[in-house]
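Beneath this line is the structure, given in structure tokens, with notes to follow.
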Amino acid sequence: MEEPEQNIVANLPRPAPTALPELAVQPQAGSAPGATIFDVRNVSIWYSAFKAVTDVTLAVHEHEITAFIGSSGSGKSTVLRSFNRMNDLVVGARLEGEMSYRGESLYGKDVSPIAVRRRIGMVFQKPNPFPKSIYDNVAYGPRINGERNKGRLNEIVERSLRRAALWDEVKNRLKMSGLSLSGGQAQRLCIARTIAVEPDVVLMDEPASALDPIATQKIEELMRDLKRDYTIVIVTHNMQQAARVADRTAFFSLDVADGQPAGVLVEYDETPKIFTAPADKRTEDYVTGRFG
């Protein structure tokens with residue numbers, strides 16, 4: 001069963017209403033590399049009566065790229081979207097188990113999903129620039145969050161486009177529509193738009209699947225560069241991509257749980273081990289192409 005599509009409007013950064021408190025925890029400047037960002041314990045996720053994933057336990061570490069690989073329908077994107085509560089937008093979706101971000105529950109009754117999404121940004125499979133200028137695409141989030149100073153917005157736009165390795169290509173046409181960009185440029189614009197609000201984590205759901213090899217290489221180089229400032233989690237069907245960019249890799253597979261098919265986390269380890277010496281034969285069969 002295919003996982004439900006998500007409304008891209010949810011990715012727009014918005015200020016949390018006063019009735020919905022921010023996450024109390026704040027990223028710690030200079031915290032040790034490898035510190036745990038997400039701690040997932042025995043998590044299962046349903047879409048109404050359909051159990052998408054079952055009993056997932058893993059930890060995502062700071063300033064690393066973590067890749068989720070596996071066949072279609074194995075729950076990779078469902079788990080990815082649970083990190084910023086995108087699944088909340090699907091009627092009937094629910095999560096059981098424990099999922100924390102920097103030690104604080106992501107699903108506590110007093111935690112605002114909007115506050116979560118401001119801290120944990122997302123880049124989607126297909127580039128989705130807004131029908132606005134390149135400048136306004138990047139400035140959108142800061143404006144929604146209350147920034148009105150033109151000089152400050154100019155700084156944010158330039159910094160974000162530089163971080164996304166796009167500034168030199170668009171600096172003389174910032175007033176042109178974001179829809180005029182090539183696929184690879186549009187995806188980097190979406191990355192610039194995401195990081196313009198200074199998230200702590202960037203989630204990427206197959207960010208290069210719609211791109212040609214040259215554009216894919218640029219996105220991969222960008223991911224490696226961005227992990228110095230952000231923690232990155234990606235879903236990819238491209239095993240070579242996971243091997244190239246990820247520090248750790250999680251392999252998901254479709255299995256039978258409680259009498260129905262559900263995604264399971266088969267193995268999670270440092271990427272070289274997953275691809276050269278996996279502990280589970282199912283992982284070995286997948287990465288060597290015996291099934292998929």
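Throughout, numbering of the chain's residues begins at 1 and tracks the sequence.
- A chain of hydrophobic side-chain contacts below 4.5 Å, direct or via other Ile, Leu, Val, Met, Phe, Trp or Tyr residues, connects I65 to I195.
- Using a distance-only test at 3.5 Å, with no hydrogens or angles considered, no donor-acceptor pair links the side chain of S160 to the main chain of V157.
- The minimum heavy-atom distance linking H61 with T231 is given by the pair O-CG2, 3.4 Å.
- Of all heavy-atom pairs between A186 and P127, the closest is CB-CB, 3.7 Å.
- In this structure, the side-chain hydrogen bond (donor to acceptor under 3.5 Å, both in side chains) partners of E169, at least two apart in sequence or on a different chain, are Q185, R188.
- Remark: the backbone N or O of N42 is paired with a side-chain donor or acceptor of T57 at under 3.5 angstrom.
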Exercise for the section: Check step by step if side-chain contact (heavy atoms from CB on, under 4.5 Å) holds for R117 and M122. Expected result: CA-CA 8 Å; R117 293 175 200 137; M122 187 142 190; over 6 Å; no
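- How far CG of L211 is from CD of E220: 10.0 Å, rounded to the nearest 0.5 Å.
- Transitive grouping of hydrophobic side chains (ILVMFWY, heavy atoms separated by less than 4.5 Å) keeps V197 and L153 in distinct clusters.
- A heavy-atom distance below 4.5 Å is not found between the side chains of F251 and L265.
- S82 and Y107 get closest at one heavy-atom pair: O-OH, 2.8 Å.
- With sequence neighbours left out, the side-chain hydrogen bond (donor to acceptor under 3.5 Å, both in side chains) criterion links T271 to T249.
- R228 is linked by a salt bridge (charged side-chain N to carboxylate O under 4.0 Å, His left out) to D225, counting only residues two or more places apart in sequence or in another chain.
- Listed by chain and number, the residues in a ring pair (Phe, Tyr, Trp, His ring centres under 6.0 Å) with Y230 amount to none (sequence neighbours excluded).
- Closest approach of S253 and V266 over heavy atoms only: CB-CG2, 3.6 Å.
- Cation-pi geometry between K150 and Y135 is satisfied (NZ or CZ under 6.0 Å from the ring centre, within 45° of the ring normal).
- Listed here is the closest heavy atom pair of L106 and R85: O-NH1, 2.9 Å.
- Here the straight-line distance linking atom CG of L181 with atom CG of L166 works out to 6.5 Å at 0.5 Å rounding.
- Two residues are said to be in side-chain contact when any heavy atoms from C-beta on lie closer than 4.5 Å; R119 and P199 fail this criterion.
- Going from atom CD of E206 over to atom OG of S77 covers 6.0 Å, rounded to the nearest 0.5 Å.
- Rounding to the nearest 0.5 Å gives a distance of 9.0 Å between CE of M223 and CG of L226.
- In this structure, V264 is a member of the same hydrophobic cluster as V287, with clusters built from ILVMFWY side-chain heavy atoms closer than 4.5 Å.
- Using a cut-off of 4.0 Å between Lys/Arg side-chain N and Asp/Glu carboxylate O, E155 and R152 are scored as salt-bridged.
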Practice task
Apply side-chain contact (heavy atoms from CB on, under 4.5 Å) to V91 and Y47, showing your working.
Solution key: CA-CA 8 Å; V91 176; Y47 297 122; over 6 Å; no
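- A 4.5 Å side-chain heavy-atom check between N172 and V170 finds every atom pair outside the cut-off.
- Scanning for salt bridge (charged side-chain N to carboxylate O under 4.0 Å, His left out) contacts around E158 gives R162, with sequence neighbours left out.
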Practice task
Let me see the working for E267 and T283 under side-chain hydrogen bond (donor to acceptor under 3.5 Å, both in side chains), right down to the final yes or no.
Solution key: CA-CA 7 Å; E267 189 169 354; T283 309; 2.8 Å; yes
Handout entry: F252 and F68: CA distance, side-chain angles, deciding distance, ring-ring contact (aromatic ring centres under 6.0 Å, His included) verdict
Key = CA-CA 7 Å; F252 290 81; F68 292 171; 5.2 Å; yes
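- At least one side-chain heavy atom of L95 sits less than 4.5 Å from a side-chain heavy atom of V43.
- Residues T276 and E284 fail the side-chain proximity criterion, which asks for heavy atoms closer than 4.5 Å.
- Annotation: side chain of S177 is not in contact with side chain of P131 (no heavy-atom distance under 4.5 Å).
- In plain terms, the two heavy atoms of I69 and A242 that are nearest each other are CG2-CB, 3.8 Å.
- The side-chain contact (heavy atoms from CB on, under 4.5 Å) check on A210 picks up nothing, with sequence neighbours excluded.
- D200 and Y101 share a side-chain donor-acceptor pair at under 3.5 Å.
- Linking ILVMFWY residues whenever their side-chain heavy atoms come closer than 4.5 Å, directly or via other members, places V245 and I219 in the same cluster.
- Using a 4.0 Å cut-off between charged nitrogen and carboxylate oxygen, R282 and D285 do not count as a salt-bridge pair.
- Among the candidates V233, V235, I191, the single residue satisfying the side chain to side chain contact (heavy atoms under 4.5 Å, CB included) test with M204 is I191.
- Linking Ile, Leu, Val, Met, Phe, Trp and Tyr residues whenever their side-chain heavy atoms come within less than 4.5 Å leaves Y140 and L161 in two separate clusters.
- A cation-pi geometry, defined here as NZ or CZ lying under 6.0 Å from the six-membered ring centre and within 45° of its normal, holds between R193 and F130.
- Considering only residues two or more places apart in sequence or on other chains, D229 meets the side-chain contact (heavy atoms from CB on, under 4.5 Å) condition with R163.
- With sequence neighbours excluded, the residues forming a side-chain contact (heavy atoms from CB on, under 4.5 Å) with D136 are K132, S133, R143, listed by chain and number.
- Between E104 atom CD and R102 atom CZ the span is 11.5 Å, to the nearest 0.5 Å.
- For the pair T36 (side chain) and D39 (backbone), a donor-acceptor distance under 3.5 Å is absent.
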Practice task
Show the numbers, then the answer: is there a side-chain contact (heavy atoms from CB on, under 4.5 Å) between L203 and I120?
Solution key: CA-CA 7 Å; L203 309 176; I120 303 165; 3.8 Å; yes
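- Under the 4.0 Å criterion applied to side-chain N and carboxylate O atoms, K227 and E64 are not assigned as salt-bridge partners.
- At a threshold of 4.5 Å between non-hydrogen side-chain atoms, the residues F38 and V79 do not count as touching.
- Checked by atom type, the side-chain pair Y286/S71 shows no donor-acceptor distance below 3.5 Å.
- Remark: D55 engages no residue in a salt bridge (charged side-chain N to carboxylate O under 4.0 Å, His left out) (not counting sequence neighbours).
- From I232, atom CD1 reaches atom CD1 of I37 across 12.0 Å, with rounding to the nearest 0.5 Å.
- Looking at residues two or more places apart in sequence or on another chain, you find a side-chain hydrogen bond (donor to acceptor under 3.5 Å, both in side chains) between S209 and Q125.
- Residues satisfying the side-chain contact (heavy atoms from CB on, under 4.5 Å) test with R94, not counting sequence neighbours, are W46, E96.
- Side-chain contact check for T54 versus V56: every heavy-atom pair is 4.5 Å or farther apart.
- For D212, there are no side-chain hydrogen bond (donor to acceptor under 3.5 Å, both in side chains) partners two or more places apart in sequence or in a different chain.
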